[in-house]
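Please read the structure below before turning to the comments.
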Amino acid sequence: MVLDAPQAVGRFSLLENGSLTVREASVFDRGTYLCKVSTEYGTSVMNVPVIVIAYPPWITSEPAPVIYARPGNSVKLNCMAIGIPKAEITWELPDKSHLTTGAQSRLYGNKFLHPQGSLVIQQSSQRDAGFYKCTAKNILGSDSKTTYIHIF
């Protein structure tokens with residue numbers, strides 16, 4: 001693709017000052033970009049190598065596959081992930097409902113969700129037993145881990 005005047009084509013914009021802007025850049029936009037300027041005095045060419053560093057999420061801190069807890073105790077389920085762009089973390093609960101992290105901590109009944117992804121079940125009871133699935137997702141992919149909580 002060649003942009004030869006201030007214009008926008010799809011996600012690419014050539015500005016009046018000669019700057020090139022790529023919106024929503026992805027790893028597929030990597031490569032060498034060529035800037036060419038021609039005047040009455042001659043032509044100048046510059047190569048600009050571009051590397052887009054992005055990768056799918058990878059859960060770096062996860063809960064044990066099985067957790068045993070006594071009624072009334074708190075249970076902490078870790079789920080922290082790395083990824084670029086930053087991964088969104090969602091927990092699927094035994095009743096198939098979903099909790100998604102936000103900028104601030106959130107309380108859902110007896111469940112406390114930390115912005116980094118950890119889920120704390122306070123005052124656990126038999127109704128909290130079951131499968132919990134943590135999923136970290138960004139535009140490039142996802143990673144998930146599942147644990148089972150036994151309350152006895």
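Along the sequence shown, the residues carry numbers beginning at 1. It should be emphasised that the depicted structure is a prediction, and the values quoted were computed from it without experimental measurement.
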Side-chain contact, heavy-atom cut-off 4.5 Å: [X] with [Y]?
X: Asp128; Y: Ile149; answer: no
X: Thr21; Y: Leu15; answer: yes
X: Phe12; Y: Tyr33; answer: yes
X: Leu99; Y: Arg106; answer: no
X: Pro63; Y: Tyr132; answer: no
X: His114; Y: Val120; answer: no

Nearest non-hydrogen partners of [X] and [Y], listed with the distance:
X: Ile51; Y: Arg30; answer: CA-CB, 4.5 Å
X: Thr43; Y: Ser38; answer: OG1-OG, 3.3 Å
X: Asp95; Y: Ser97; answer: OD1-OG, 2.6 Å
X: Pro115; Y: Gly102; answer: CB-O, 3.3 Å

Answer yes if [X] and [Y] sit in the same cluster of Ile, Leu, Val, Met, Phe, Trp and Tyr residues linked by side chain heavy atoms under 4.5 Å apart, and no otherwise.
X: Met46; Y: Tyr41; value: no
X: Val2; Y: Val9; value: no
X: Tyr55; Y: Met80; value: no
X: Val50; Y: Leu3; value: yes
X: Val75; Y: Leu93; value: yes

Side chain of [X], backbone of [Y]: donor and acceptor closer than 3.5 Å?
X: Asn138; Y: Pro56; result: no
X: Arg11; Y: Arg23; result: yes
X: Ser124; Y: Asn73; result: yes

- Message: Would you say Asn78 and Ser118 are linked by a side-chain donor-acceptor pair, where the criterion is simply a distance under 3.5 Å?
- Response: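 Checked: Ser118/Asn78 side chains pair up, N/O donor to acceptor below 3.5 Å.
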For the [atom1] atom on [X], are there more than 12 heavy atoms of other groups (residues, nucleotides or ligands in this structure) within a distance under 6.0 Å?
X: Phe28; atom1: CZ; answer: no
X: Gln7; atom1: CD; answer: yes
X: Leu34; atom1: CG; answer: yes
X: Leu20; atom1: CG; answer: yes
X: Arg70; atom1: CZ; answer: no

- Query: Pick from Leu77, Leu119, Ile89, Thr90: which one makes a side chain to side chain contact (heavy atoms under 4.5 Å, CB included) with Leu113?
  - Reply: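 Single pass found, and it is Leu119.
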How many angstroms lie between atom [atom1] of [X] and atom [atom2] of [Y], to the nearest 0.5 angstrom?
X: Trp58; Y: Ser142; atom1: CH2; atom2: OG; answer: 15.5 Å
X: Glu62; Y: Thr146; atom1: CD; atom2: OG1; answer: 10.0 Å
X: Asp143; Y: Ile59; atom1: CG; atom2: CD1; answer: 4.0 Å
X: Cys134; Y: Lys145; atom1: SG; atom2: NZ; answer: 9.5 Å
X: Thr147; Y: Phe131; atom1: OG1; atom2: CZ; answer: 9.0 Å
X: Gln123; Y: Ile121; atom1: CD; atom2: CD1; answer: 12.0 Å

- Message: Show, in sequence, the C-alpha distance, side-chain angles and deciding distance for Tyr148 and His150, and conclude whether the ring-ring contact (aromatic ring centres under 6.0 Å, His included) test is met.
- Response: CA-CA 7 Å; Tyr148 188 87; His150 287 279; 4.5 Å; yes
- Where do Thr135 and His98 land on the side chain to side chain contact (heavy atoms under 4.5 Å, CB included) test, with the steps shown first? CA-CA 10 Å; Thr135 301; His98 291 84; over 6 Å; no
